[in-house]
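Working notes for the structure below.
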Amino acid sequence: MSILEGKGVTKYFGGLAAVSNVDFSVEKGEAFGLIGPNGAGKTTLFNLISAAYPVKSGIIRFKDKDITGLKPYKICRMGVARTFQIVKIFPDLPVFSNVLLGLHFGHSSGMSSAEKASLALEYLDFVGLTQVKMAPAKDLTLANQKRLEVARALATGPELLLLDEIMAGLNPTEVSQAMELVNRIREKGITIIMIEHVMKAIMNICQRIMVLHHGEKIAEGSPREIANSEKVIKVYLGEKAHATC
Ligand SMILES: Nc1ncnc2c1ncn2[C@@H]1O[C@H](COP(=O)(O)OP(=O)(O)OP(=O)(O)O)[C@@H](O)[C@H]1O
Ligand SMILES: [Mg+2]
């Protein structure tokens, strides 16, 4: 069953078609990869799904409901959460408060303050930040700031989580830890769309991958199909990555 569907999704910045007539369908419970060269339109597509930007044309449906044109907070409360390519934490607030904000913002309106606080601690534990829970968010390492963004997004109670390059800038050990975290999120039944340039992660975690290039979808398929696609190798993966996939 499809949880998220896009038809003809298009976004222009001036004369530039950042996302051009893209169709996609993400199945409930899957991990769906979104890859492509720099400037391909990946983050813009997340911005359209989460309504940070309005679409020029096309339609986006979440759980069969048309969410095109809804306000971002409504989409979040319906069950779509995201992280940001460049982390957008509240730097001076404690780590714990950053997560609590996710609970206040998301669809947890029936909960008491104590219940929200207890749940925030659970999310911190889930992403491995319990030990730094009272530190100002700005004092965390990049890897931990990315984990904090994941925790805050999870705290809104999503059924669909959009992860924008949560592994960028991490060392190999941190990448392995982030991969393990993404797998545990999926085990909770949360559907994931992940943008990543770290091919090891995309190829290992995702069941299906969509490739964008100059705003257009140029390929979609299983990791094996994508790794062997001549078009994708030519514009993005290169022969070296192809050999190691
Ligand atoms: N707010 C904006 N205003 C104008 N142009 C933009 C804006 N956001 C993105 N673009 C342009 O749209 C195109 C797609 O950008 P986008 O950030 O979606 O690419 P991306 O695939 O996420 O790339 P990367 O892998 O580098 O993150 C690029 O040409 C970019 O310069
Ligand atoms: Mg991007």
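First listed ligand is number 1; within each ligand, the first listed atom is number 1. This one's a predicted model, so the numbers in the text were calculated from it and none came from an experiment. Residues: numbered from 1 along the sequence shown.
Residue, atom and distance of the protein heavy atom nearest to atom 16 (P) of ligand 1 are Thr44 OG1, 3.6 Å. Protein heavy atom in closest approach to atom 26 (O) of ligand 1: Asn38 ND2, 2.9 Å. Protein heavy atom in closest approach to atom 17 (O) of ligand 1: Thr43 CB, 3.8 Å. Scanning the protein for heavy atoms near atom 21 (O) of ligand 1, the closest one is Lys42 NZ, 2.7 Å. Among protein heavy atoms, atom 31 (O) of ligand 1 sits closest to Leu16 CD2, 4.8 Å. In this structure, the protein non-hydrogen atom closest to atom 27 (O) of ligand 1 is Gln85 NE2, 2.8 Å. For atom 14 (C) of ligand 1, the closest non-hydrogen atom on the protein side is Gly39 O, 3.4 Å.
The side-chain heavy atoms of Met78 and Leu70, taken from C-beta on, include a pair separated by under 4.5 Å.
Paired with Glu159 under the rule salt bridge (Lys or Arg N to Asp or Glu O under 4.0 Å), one option of Lys63, Lys188, Arg77 passes, and it is Lys63.
When only modelled atom types and interatomic distance are considered, Gln85 and Thr43 share a side-chain donor-acceptor pair under 3.5 Å.
The ligand atoms of ligand 1 that sit less than 4.0 angstrom from a heavy atom of Glu165 are 25 (O), 27 (O). Taking every heavy atom of Ala40 and a limit of under 4.0 angstrom, the matching atoms of ligand 1 come to 19 (O), 20 (P), 21 (O). Those atoms of ligand 1 that come under 4.0 Å of a heavy atom in Gly41, given as number and element, are 14 (C), 18 (O), 19 (O), 20 (P), 21 (O).
Among Phe46, Phe13, Tyr53, the residue whose heavy atom sits closest to atom 5 (N) of ligand 1 is Phe13.
No donor-acceptor distance shorter than 3.5 angstrom exists from the side chain of Thr10 to the backbone of Ser20, with no hydrogens or angles considered. At least one donor-acceptor pair under 3.5 Å links the side chain of Asn204 to the backbone N or O of Lys200.
The closest approach between Gly36 and ligand 1 stays at or above 4.0 Å for every heavy atom of the residue.
The ring pair (Phe, Tyr, Trp, His ring centres under 6.0 Å) check on Tyr53 picks up Phe13, with sequence neighbours excluded. In this view, Phe90 satisfies the ring pair (Phe, Tyr, Trp, His ring centres under 6.0 Å) rule with no residue, not counting sequence neighbours.
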Atom pairs and distances, donor-acceptor, side-chain atoms in residues 172-181, under 3.5 Å, two or more places apart:
residue, atom, partner, partner atom, Å
Glu174, OE1, Asn171, N, 2.9
Ser176, OG, Pro172, O, 3.2
Glu180, OE2, Arg184, NE, 2.8

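Checked for salt-bridge contact, Lys217 and Asp23 miss the test: no charged N lies under 4.0 Å from a carboxylate O. Using a 4.0 Å cut-off between charged nitrogen and carboxylate oxygen, Arg147 and Glu149 do not count as a salt-bridge pair. Between Arg208 and Glu220 there is a salt bridge, with a side-chain nitrogen of the basic residue lying less than 4.0 Å from a carboxylate oxygen of the acidic one.
With a cut-off of 2.8 Å, the protein N/O/S atoms near the Mg ion (ligand 2) add up to 2.
Under the 4.5 Å side-chain heavy-atom criterion for ILVMFWY residues, a single connected hydrophobic cluster contains both Leu124 and Met134.
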